[in-house]
Amino acid sequence: MDISFLVEQCILLLVAFVANVLSSLAGGGAGLLQLPALIFLGLPFAVALTTHKIASVALGLGASIQHGKTGHIHWGFAIFILAAGLPGVVLGAYWVLAIPELIAQVLLGVLTLALGVYSIVKPALGVTAIARHRNGLGLVIGGSVLFLIGVLNGSLTSGTGLFVTLWLIRWFGFDYKHALAYTMILVGFFWNGAGALTLVWVQTPQWSWLPVLLLGSLLGGYFGAYWAIAKGNHFIKRIFEGLTIVVGVSLLVEAWIY
């Protein structure tokens, strides 16, 4: 077997594992490392995006194995999140190649950076759960925002799971641990799965890279979720804040360079 192929596969496995451990700890952001790595290794943007989206489904699966055992998921509310967000994901995935990448990247960078700053200046945010806005108009407003985040999830490349995590905390009153469980299962698996299927319809992925990327994403999601459950809300909050700031700054720097 070609040694260069083995080196390439090892790099892909390592990148996928590290990216998805961080993502499952914070509630998103795997594309910060994984997508640029695929492009750096030679894939065109559209092929890299489709390949990344497919691989990210395994992140949701790995994390779901851990979170599903905790009993943190209320499945009626989970169905509400799916119903609100999935149409937006599909719509966004159809739009992805028509959006000016530079503009989308700057906006995503600013918004992601704002998430981290907001969490930092609100030290009590997400530490304890206080249920709110879970009926009537509260669900309408909450679902509308989830639809818009779904559009972002389908059309942009990195970090939209972070938006879902913070929205579940800020609007619906979840703590970080419970919000993370919903994000990893519903966004990581179902939303990303819908986006991946839509993208495959218009763009062929790099099939030869997918097995090792799927393995790395599965293991990263599993172990990241394990550590998140073990460490608790304060730990998850710090990881969320750190990753959102790194993702936001990185996106803005990359947009400025190019």
Side-chain angles (χ1 to χ4, degrees), residues 18-36 56 59 63 81 85 88 92 99-133 138 141-142 144-184 186-188 191 224 227-228 231-258:
V18 172
N20 288 282
V21 164
L22 291 173
S23 182
S24 61
L25 282 170
L32 172 68
L33 293 176
Q34 189 163 277
L35 182 66
S56 66
L59 159 66
I81 295 175
I99 296 174
E101 186 180 350
L102 181 61
I103 295 175
Q105 190 164 322
V106 170
L107 290 174
L108 183 61
V110 170
L111 291 171
T112 305
L113 184 59
L115 295 183
V117 173
Y118 181 78
S119 182
I120 290 171
V121 301
K122 297 284 188 179
L125 183 71
V127 175
T128 57
I130 305 174
R132 55 179 177 266
H133 303 312
I141 295 173
S144 298
V145 173
L146 287 170
F147 171 81
L148 294 175
I149 299 174
V151 173
L152 292 176
N153 179 270
S155 60
L156 298 176
T157 58
S158 176
T160 50
L162 300 168
F163 287 71
V164 175
T165 300
L166 193 64
W167 182 244
L168 293 178
I169 293 167
R170 178 63 185 85
W171 186 254
F172 291 112
F174 286 98
D175 60 16
Y176 268 98
K177 185 182 290 187
H178 287 79
L180 191 64
Y182 280 96
T183 300
M184 286 295 96
L186 302 175
V187 177
W191 284 25
W227 290 321
K231 295 293 186 178
N233 288 320
H234 287 284
F235 177 77
I236 299 169
K237 180 177 173 68
R238 295 295 172 258
I239 295 294
F240 176 90
E241 291 164 354
L243 192 60
T244 49
I245 290 173
V246 170
V247 170
V249 171
S250 299
L251 289 169
L252 292 174
V253 169
E254 184 180 346
W256 180 73
I257 291 173
Y258 292 104

* Is it true that a side-chain atom of W191 and a backbone atom of G150 form a donor plus acceptor pair closer than 3.5 Å? ->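 No.
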* Counting only N and O atoms by type, is there a donor-acceptor contact under 3.5 Å from the side chain of S24 to the main-chain atoms of N20? ->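 Side chain of S24 to backbone of N20: a pair is present.
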* Asked: K237 and V127: side-chain contact (heavy atoms from CB on, under 4.5 Å), yes or no, with the steps?
  -> CA-CA 8 Å; K237 180 177 173 68; V127 175; 4.2 Å; yes
Please report the shortest heavy-atom distance between [X] and [Y], naming the atom on each side.
| X | Y | value |
| --- | --- | --- |
| Y182 | L168 | CB-CD1, 3.7 Å |
| S23 | L59 | OG-CD2, 3.4 Å |
| I169 | A179 | CG1-CB, 3.7 Å |
| A26 | I239 | CB-CG2, 3.8 Å |
| L180 | A228 | CD2-CB, 3.6 Å |
| Y118 | L125 | CE2-CD2, 3.7 Å |

* To do: Please work out which of the three classes, parallel, tilted or perpendicular, describes the rings of F172 and F174, given edges at 30° and 60°.
  =>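 Perpendicular.
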* To do: Carefully, step by step, assess F235 and L25 under the rule side-chain contact (heavy atoms from CB on, under 4.5 Å).
  => CA-CA 9 Å; F235 177 77; L25 282 170; 3.7 Å; yes
* Which is it for I245 and I120 under the side-chain contact (heavy atoms from CB on, under 4.5 Å) test, yes or no, and what are the steps along the way? -> CA-CA 10 Å; I245 290 173; I120 290 171; 3.5 Å; yes
* What pairs meet the salt bridge (charged side-chain N to carboxylate O under 4.0 Å, His left out) rule with one or both residues in residues 170-181, with sequence neighbours excluded? ->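 Salt bridge (charged side-chain N to carboxylate O under 4.0 Å, His left out) check on residues 170-181 returns no pairs.
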* side-chain contact (heavy atoms from CB on, under 4.5 Å) evaluation trace for I130 with R132 -> CA-CA 6 Å; I130 305 174; R132 55 179 177 266; 4.1 Å; yes
* So, S119 and Y176: side-chain donor and acceptor under 3.5 Å apart, yes or no? ->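 Y176 and S119 do have a side-chain donor-acceptor pair below 3.5 Å.
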